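As structure tokens, the structure follows; a few thoughts come after it.
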Amino acid sequence: MAPKFEIEDLNAWFGTKHVLKNINMKIEENAVTAIIGPSGCGKTTFIRCLNRMHEITPGARASGKVLFNGLDIYGDGVDPVMIRRKIGMVFQKPNPFPMMSIYDNVAAGLKLNGVKNKKIIDAAVRRSLELANLWDEVKNDLNKSGASLSGGQQQRLCIARALAVEPEVLLMDEPCSALDPIATAKIEALIRKLAENYTVVIVTHNMQQAARVSDYTAFLYLGELMEYGPTKQIFENPKHELTEKYITGKFG
Amino acid sequence: MNHYKFRLVKDRVAFLLVHLSLTLALIPLFSVLYEVVQKGISTITIDFFISPTPTVGEKGGGAANAIQGTLITIGLASLIGIPIGLMSGVFLSEYSEHRLSIIVRFFNDVLSGIPSIIIGVFAYALIVRSIGFSVIAAAFALAIIMIPIVTRTTEEALKLVPMSIREAAIALGVPRWKTVVTIVLRSAKKAVVTGMLLSIARIAGESAPVLVTMGYWRWWFAGLDRPAANLALNVFVFAMSPFESWIALAWGSALVLILLVLGINFAVRIFTRERY
């Protein structure tokens, strides 16, 4: 099976600050890849480079190749807007659109991209909310504000919103860091379910979470990819001393 | 215990000072309102709303033409000023990395500090000298007064929309311009519209720039290239007239003007009420 992403010599900067240094890695399709590492090591920047969200920050730039299904998303003439439709993103803090109902939040991606057929939108809203394990909790309140939900529900709403445009990949930037353990458990179960049909890349600060949900784990340190491999191997038999120190909590 | 009592005393003193200041600030507002209502209410008859300015010696008459003229003038000014202000505000907030934004913001601040009479004289030089005293000239001057207000309030309103909301839309594959138009403006809709309404309230009572661009006109609206009557100028002209009935009309016009501005402020309140 061909990898979903092939990353070659990826470098990223904020102004003059070099935050990602020569990253080379392959991300497998329909699997969960966790990115771990201490604060400020470039985890978030790394996944934001995968759907060209990095460059929307003023002063930020990236170089190198990111092959997505074999196509370099940094190549000439590639429209970042089209890339982002195929590679969805869930953020650290739940960010439902304010002033929009639950229904409109999930439908937003389709409506804003020109889908007008109400039947198609209705079906997509229901399918996405079901996929995000939120349908049963909100099916009678679809017209209520998205902001009226609890934090965990809001995050699942954001996942449903990202899924509604039918991406192939879901990038998650510490999706549980603002949530309590019960909400976290629900999202983790959801991530496992999503991995059946989606490629998931998740940034996490929580090593237990990486061990629980991921198939592959990448350890980033000071902008460099220190170690990358199957999660089992990284956690049970790390090759690099730093990786072992980090996962055993000796620093971080 | 002593400390506690001392704090209690300080608390009471601060409380009193705050309330005293509030009362002092409200006295002029209520005395103006009281005076205008008391003197103006008697002129507010049906005639006031259907008849135009009376001629000398004529009995009755009203301010219907001034209400009409004021609404047309501020309507035209809003049509010019609000879109420009809105778009400038969007530019300053959403494209703040652009080199021009610093210059635009600076000149916008300068513009908001220019006395309105000077803007009137500018409109006089630019428009009155070519097409004459007219609604167009007055609306142009008023629009220039509106632009910095709308620009500033729009910029501030959009800046309050969290970056994460923009990112959420961009990550869904929504182009940047569409994100601004649909998500960002929609999220800040209340504050943006509030700014627009307050700018209308501000120009509704402007008199100096209207005086130099439109002059005084006592008849009905006769076209955008002609002058039109105006409530603020009604107050200005009638208040200095020698006739009792005209002075009464000035008070009536002042009352209607205040009611108009109050109405706009109430509209803001209703509009900004929390829905969710």
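Being a predicted model, the structure only gives us computed values, none of them experimental. Residue numbers begin at 1 in each chain, while the letters A, B, ... track the order of the sequences.
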Are the charged groups of [X] and [Y] less than 4.0 angstrom apart, N to O?
X	Y	answer
B/R105	B/E155	yes
A/R61	A/E55	no
A/R48	A/D173	no

Given a strict heavy-atom distance threshold of 4.5 Å, which part of [X] is in contact with chain B: side chain, backbone, both, or neither?
X	result
A/L112	both
A/L110	neither
A/P80	neither
A/N105	neither

Residues 151-167 of chain A vs chain B, non-hydrogen distance cutoff under 4.5 Å, contacting residues -> A/R161, A/A162, A/V165

- request: Just say parallel, tilted or perpendicular for the rings of B/H19 and B/F15, cut-offs at 30° and 60°.
  value: tilted

Honestly, the part of B/I183 sitting under 4.5 Å from a heavy atom of chain A is side chain

CG of B/L17 to CG of B/L22, rounded to nearest 0.5 Å, is 12.5 Å

Just checking, B/R186 and A/F97: is the charged tip under 6.0 Å from the six-membered ring centre and within 45° of the axis? no

By salt bridge (charged side-chain N to carboxylate O under 4.0 Å, His left out), B/R269 pairs with (sequence neighbours left out) none

Test of ring centre spacing under 6.0 Å for A/F46 and A/H54: no

Counting heavy-atom pairs under 4.5 Å with chain A, the top scorer among B/E167, B/R176, B/K178 is B/E167

Donor-acceptor pair, A/N95 side chain versus B/S164 backbone, under 3.5 Å? yes

With chain B, the option among A/K111, A/R52, A/Q92, A/R84 that has the most non-hydrogen atom pairs under 4.5 Å is A/R84

